[in-house]
Amino acid sequence: MLFAEQKGLNRGLTMGLSKGRKEEKIEIARNMKAEGSSIEFIVKVTGLSAKEVERL
């Protein structure tokens with residue numbers, strides 16, 4: 001495999017993992033919000049912004 005191909009694969013993997021982590025945080029925030037947790041607490045636990053949580 002060429003160096004450029006490996007670099008591209010690594011970049012794609014990193015981006016995919018990052019997207020997956022973000023989606024997981026959003027799912028956790030949705031569940032917390034549905035259970036009545038405060039926006040401030042959800043932000044603290046998930047690291048999402050208050051605006052992101054409010055849009056859920």
Side-chain angles (χ1 to χ4, degrees):
M1 183 178 303
L2 298 174
F3 177 74
E5 289 175 337
Q6 184 63 44
K7 188 175 179 182
L9 288 173
N10 288 343
R11 183 170 182 238
L13 179 60
T14 300
M15 289 173 57
L17 290 172
S18 178
K19 183 178 178 185
R21 284 190 297 269
K22 179 78 170 195
E23 289 173 0
E24 183 177 22
K25 287 179 180 184
I26 289 169
E27 184 63 27
I28 291 168
R30 273 194 191 108
N31 292 337
M32 292 177 72
K33 193 172 181 183
E35 291 295 321
S37 295
S38 71
I39 300 293
E40 294 81 16
F41 182 67
I42 297 170
V43 167
K44 184 177 180 180
V45 170
T46 64
L48 297 172
S49 72
K51 286 187 180 194
E52 289 174 305
V53 175
E54 289 169 358
R55 287 187 296 221
L56 299 176

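One-based numbering along the sequence shown.
- Distance check: M32 CE to I39 CD1 gives 10.0 Å after rounding to the nearest 0.5 Å.
- At least one side-chain heavy atom of I42 sits less than 4.5 Å from a side-chain heavy atom of K33.
- Side-chain contact annotation: E35 with N31, donor-acceptor N/O pair under 3.5 Å absent.
- Residues L48 and K22 meet the side-chain proximity criterion, which asks for heavy atoms closer than 4.5 Å.
- Partners of E27 according to the salt bridge (Lys or Arg N to Asp or Glu O under 4.0 Å) rule, which considers only residues two or more places apart in sequence or in another chain, are R30.
- Within 6.0 Å of CD in E24 there are 12 or fewer heavy atoms belonging to other residues, nucleotides or ligands.
- The closest donor-acceptor contact from the side chain of E52 to the backbone of S49 lies under 3.5 Å.
- Interatomic distance, CD1 of I26 versus CD of E23, reported as 7.0 Å (0.5 Å rounding).
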